[in-house]
Amino acid sequence: MIRIAVFPKAFLEALSDHSMDLMDWIDQAGTLGADGLEMYPTFFQRTDDAYLLQVKRKAEQFNLLIPMMCSSPDFTHPDPAFRKREIASIRRLIDMMAEIGPDDFRSCRVLSGQNRPGISKQDGIRWTVEGIQELLPYAQQHRVHLVMENHYKDGFWDYPEFAQSSEIFFEIVDQIDSPWFGVNYDPSNAIVAGEDPLAVLNRALPKVCTMHASDRSLEEGVTLDDLKQFKGTGYAHGLRHGVIGRGLNDYDAIFSRLKNVQFSGWISIEDGMNGLEEMRQSVAFLRDKAAIFN
């Protein structure tokens, strides 16, 4: 059974600086028709057990589960002490997901890290693999899956993802063999990387555990080649957010491939940039597409 979560990309900064309360977002999310919530570490005002239980109970008021943590470890920093702190931070998020996540599936996202100037391909890959492998026994102990996303850029990072290209991404993924490790597939990130989302999915299918769903369309005068050439910091220019199914991604083809491998994981909608009504329409669209799994 496919289940749908929502992630409030439009409220990322407000929830992170706590000018918007997490409980207020849950109230709004409860109107969207989703099955769950994807969280981000800075959404939580506290991390003590009492507060985490409060968040979980609030979600349960709307029959919402909390299966996914959109964490962004930065394993490509050249300082080993920095990387150790990143590992410790993810361990704490694993603890949190073990408390608030459903028993049947819960995940923490892992990434490579920022594509800092001067970082060699070999070092970046090695540091990422080492970081994930060090976390896996702890994740297994707490029954939390680590899912690596074909990522573009965390909103609070200075540089895009080191493993933005599928070549580097799969060099990392292929070195990690564990039932507690998989892929969080994001078709829109493949587009931003100037790659074919279906080609990336075909390669990732054996390890896809979860998915981020969104859709993008090109602004007038912008081409996919322009995205390939974008080298600046910040997000690539020229892409518009919109209701899922109305952009560049071929969701019929995506869902057909997922059905072929009997995918039964969570799909989280990363959007709401143009208002929650579009997110509500995206939930309805994905529910309709997921009917092919029945």
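Model, not experiment: these values are computed from the prediction.
For the atom pair Glu60 CD and Arg57 CZ, the distance stands at 4.5 Å (nearest 0.5 Å). Going from atom SG of Cys108 over to atom CE of Met97 covers 6.0 Å, rounded to the nearest 0.5 Å. In this structure, CD1 in Ile125 is found 8.5 Å from OG in Ser120, a value given to the nearest 0.5 Å. Rounded to the nearest 0.5 angstrom, Tyr251 OH and Leu286 CG are separated by 6.5 Å.
Between the side chain of Ser166 and the backbone N or O of Phe169, no donor-acceptor pair lies under 3.5 Å. In this structure, Glu86 contributes its side chain and Asp74 its backbone to a donor-acceptor pair below 3.5 Å. Within the 3.5 Å criterion, the main-chain N or O of Ala163 finds a donor-acceptor partner in the side chain of Ser112. No donor-acceptor distance shorter than 3.5 angstrom exists from the side chain of Glu161 to the backbone of Asn150, with no hydrogens or angles considered. Side-chain atoms of Gln164 never come within 3.5 Å of backbone atoms of Pro160 as a donor-acceptor pair (strictly under, hydrogens ignored). Within the 3.5 Å criterion, the main-chain N or O of Trp180 finds no donor-acceptor partner in the side chain of Arg143. Using modelled atom types, no side-chain atom of Lys259 and backbone atom of Phe263 make a donor-acceptor pair closer than 3.5 Å. One N or O on the side chain of Asp215 and one on the backbone of Gly245 form a donor-acceptor pair closer than 3.5 Å. When atom types are taken as modelled, the side chain of Asn184 and the backbone of Met148 share no donor-acceptor pair closer than 3.5 angstrom. Between the side chain of Asn202 and the backbone N or O of Leu198, at least one donor-acceptor pair lies under 3.5 Å.
Between His145 and Phe105, the ring center distance clears the sub-6.0 Å criterion.
Of the charged side-chain nitrogens involved, at least one lies within less than 4.0 Å of a carboxylate oxygen, so that Arg287 and Asp35 count as a salt-bridged pair. Asp174 has a carboxylate O that lies under 4.0 Å from a charged side-chain N of Arg203, or vice versa, which qualifies the two as a salt bridge. Ionic pairing of Asp104 and Arg3 is present here: one or more N-O contacts between side-chain nitrogen and carboxylate oxygen are shorter than 4.0 angstrom. A salt bridge between Glu134 and Arg83 is absent, with no side-chain N of the basic residue lying under 4.0 Å from a carboxylate O of the acidic one.
Note: His77 and Phe82 have parallel aromatic rings, judged against thresholds of 30 and 60 degrees for the angle between ring planes.
Residues Ser178 and Gln140 have side chains that never bring a donor and an acceptor to within less than 3.5 angstrom of each other.
Enclosure of atom CG in Asp177 is not indicated, since only 12 or fewer non-hydrogen atoms of other residues, nucleotides or ligands lie within 6.0 angstrom. The local environment of NZ in Lys121 is crowded, with over 12 non-hydrogen atoms from other residues, nucleotides or ligands closer than 6.0 Å.
Figure legend: Arg116 and Phe162 shown without cation-pi pairing, the cationic atom not lying both under 6.0 angstrom from the six-membered ring centre and within 45 degrees of its axis.
Of all heavy-atom pairs between Ala10 and Gly272, the closest is CB-O, 3.0 Å.
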